[in-house]
Asker: 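Please read through the structure below; I'll follow up with questions.
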There are 2 protein chains.
Amino acid sequence: MAKKRKVGNLLALAVLSYLTRAPMHPYELSRTLRDNDDVRSIRFNHGSLYMVVQQLAKAGFIVEQETTRAGQRPERTVYALTDAGRHELRDWLRELVEEPQHEYPHFVAALSLIAAIPPSEVVVLLGHRLGRLAELRAEIRDLIDTTIAKDVHPLFLIEEEYRLALLDAESTFVEQFIKKITHPKTGWGPLWATFHGEPAPAEERKQS
Amino acid sequence: MAKKRKVGNLLALAVLSYLTRAPMHPYELSRTLRDNDDVRSIRFNHGSLYMVVQQLAKAGFIVEQETTRAGQRPERTVYALTDAGRHELRDWLRELVEEPQHEYPHFVAALSLIAAIPPSEVVVLLGHRLGRLAELRAEIRDLIDTTIAKDVHPLFLIEEEYRLALLDAESTFVEQFIKKITHPKTGWGPLWATFHGEPAPAEERKQS
DNA sequence: TCTATCATGTAACCAGTTACATGATTTT
DNA sequence: AAAATCATGTAACTGGTTACATGATAGA
């Protein structure tokens, strides 16, 4: 069971992580996150960042260090990590690495209700999905290759490798699912079609 | 790009889906969802259900059909699907099946920041994760088998098969990652350790 | 019969997203 | 120099979760 964190938004984890390098103000954090492509892995938006920074400050994980203003720009508040913050970062990351979380991907939800679509249409949709999965795979592959070419160590791309692994597994699953529906002798298609008032199959089966 | 839905919570999709069978009141929906194990695939909690039902009604996807009270129980409002609701269900499900969504699993976030933990500790944590993944796999396998034994058609367990596929892919990935860190000649461990003030490796590499 | 748990709903709180605001740069 | 875009922050809105409330049934 995942521990209840004072600040639960994963964006906070990234903030703590970057503040280990040096104190920063929110905009600098924002820029760094975007430059490092962390926005691909951690849900980011402008408003949430400011909220999370406030929450971290209230929780004592970071402290306002100084307030500077350059020219007529709005004041920028620089935050620094506290010892409590350093500890929270370590503890939280450890938990995320060692303990798988129960999550709710959209495709799982779709699969759990997929019987509501007639099987002939489902195989078409799954075919489209396979195409999109292949496209996504190519994009990620390309991102990895061009980044490595800039001399970034592959350790900093490990999350993209993970995505590739999941994409491949999903593609394989979808292909097999299509076969389960369409297999000439044992396919689920005919039975499934009867849920939709389409022609009845030869033999009867039970449903839930 | 995913279309913007009037009601975006996936719980609403399940509600629409069950209302295709028969009109129901919220509590009955709640019970049905729990009985069918849909709560494993779609984030559920009591309060959200009532909210979602209200939203669906406001959007015109369902209508209040009648209000009954049995004994001294609170009044129960029965809702029925509208044509618009039937259409929304079809359209939404289609989209979820054919279009992969960009999502943000916790482990991806952890991987993107994992360099903040020293490599010797990471391999231990990854080892723990492998153990937990194996346990989860066994639980799901068991759930599938016992449900099939009750004569439920495997179509209604397809989302659990998908989960298995992802778990297996993740296990394989984690094993390979451990090897990448610990490989005697080419492992990332030594370089990585230098980020944490530990003994320097033989050759230099760049980081991001 | 007392206590616990179930059945059912509402309301208050909080986190996350979107929209707004405004000075500074850059482009045309 | 007008228009567009960037840099930076705040505020309002909305959706989701937690907590509260209360009658009914079942277990001890």
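We name chains A, B, ... by the order of the sequence lines, and we start the count at 1 in each one. The model shown is predicted, which means the values in this text are computed figures rather than measured ones. Side chains are part of it too, since the values below use all heavy atoms of this structure and drop only hydrogens, waters and symmetry mates.
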Asker: Closer than 4.0 angstrom, basic N to acidic O: yes or no for A:Glu159 and A:Arg40?
Answerer: no
Asker: Go through D:dT17, D:dT18, C:dT18 for me and flag the one nearest to the A:Asn45 side chain.
Answerer: C:dT18
Asker: Can you tell me how far P of C:dT8 sits from CZ of B:Arg34, to the nearest Å?
Answerer: 10 Å
Asker: Take B:Gln54 and B:Arg31, find for each the nucleotide of DNA chain C with the closest heavy atom, and name the residue whose nucleotide sits nearer the 5' end.
Answerer: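 Looking at the nearest nucleotide for each, B:Arg31 comes out on the 5' side.
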Asker: Could you state the CE-C1' distance from B:Met24 to C:dT8, rounded to the nearest angstrom?
Answerer: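 In whole Å, C:dT8 C1' lies 17 Å from B:Met24 CE.
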Asker: Using the ring of B:Phe107 (Phe, Tyr or Trp, six-membered ring only), decide whether B:Arg129 places NZ or CZ under 6.0 Å from its centre and within 45 degrees of its axis.
Answerer: yes
Asker: Figure out the CD/C1' separation between A:Glu28 and D:dT8, and round it to whole Å.
Answerer: 13 Å
Asker: Between B:Tyr79 (OH) and C:dG9 (C1'), how many Å, whole number?
Answerer: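 To the nearest whole Å, that distance equals 11 Å.
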Asker: State which of C:dT18, C:dG16, D:dG9 makes the closest approach to the side chain of B:Lys4.
Answerer: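 The nucleotide sitting nearest to the side chain is C:dT18.
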Asker: Looking at CG of A:Leu19 and CE of A:Met24, how far apart are the two atoms once the value is rounded to the nearest 0.5 Å?
Answerer: 6.5 Å
Asker: Counting neighbours of NE2 on B:His87 that are heavy atoms of other residues, nucleotides or ligands and sit closer than 6.0 Å, is the number greater than 12?
Answerer: no
Asker: Can you measure B:His25 atom NE2 to C:dT10 atom P for me and round it to whole angstrom units?
Answerer: 14 Å
Asker: Among C:dG9, C:dA15, D:dT8, which nucleotide sits nearest the side chain of A:Tyr27?
Answerer: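 Among the listed nucleotides, the one closest to the side chain of A:Tyr27 is D:dT8.
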Asker: For the CG atom of B:Leu89 and the OH atom of B:Tyr18, what is their distance to the nearest 0.5 Å?
Answerer: 12.0 Å
Asker: Quick check on D:dT14: is either OP1 or OP2 less than 4.0 Å from any side-chain nitrogen or oxygen of B:Gln55?
Answerer: no
Asker: Rounded to whole angstroms, how far apart are CZ on B:Arg43 and P on C:dG16?
Answerer: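 After rounding, the gap between these two atoms is 12 Å.
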Asker: With sugar-phosphate meaning primed atoms plus P, OP1 and OP2, does B:Lys58 contact a base, only sugar-phosphate, or nothing at under 4.0 Å between heavy atoms?
Answerer: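 Nothing, no heavy atom under 4.0 Å.
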Asker: Please tell me which of the listed nucleotides, C:dT10, C:dT18, C:dT17, lies nearest to the side chain of B:Tyr50?
Answerer: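 Closest of the options to the side chain of B:Tyr50: C:dT10.
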Asker: Specify the separation, in whole Å, of atom CE of B:Met51 and atom C1' of C:dT10.
Answerer: 13 Å
Asker: To the side chain of B:Asn9, which of D:dG16, C:dT17, D:dT17 is closest?
Answerer: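 For the B:Asn9 side chain, the nearest candidate turns out to be D:dG16.
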Asker: Pick the closest DNA chain C nucleotide for A:His46 and for A:Lys6 by heavy atoms, then say which residue is nearer the 5' end.
Answerer: A:Lys6
Asker: Distance check needed: D:dG9 C1' versus A:Leu29 CG, whole Å only.
Answerer: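 Atom CG in A:Leu29 sits about 14 Å away from atom C1' in D:dG9.
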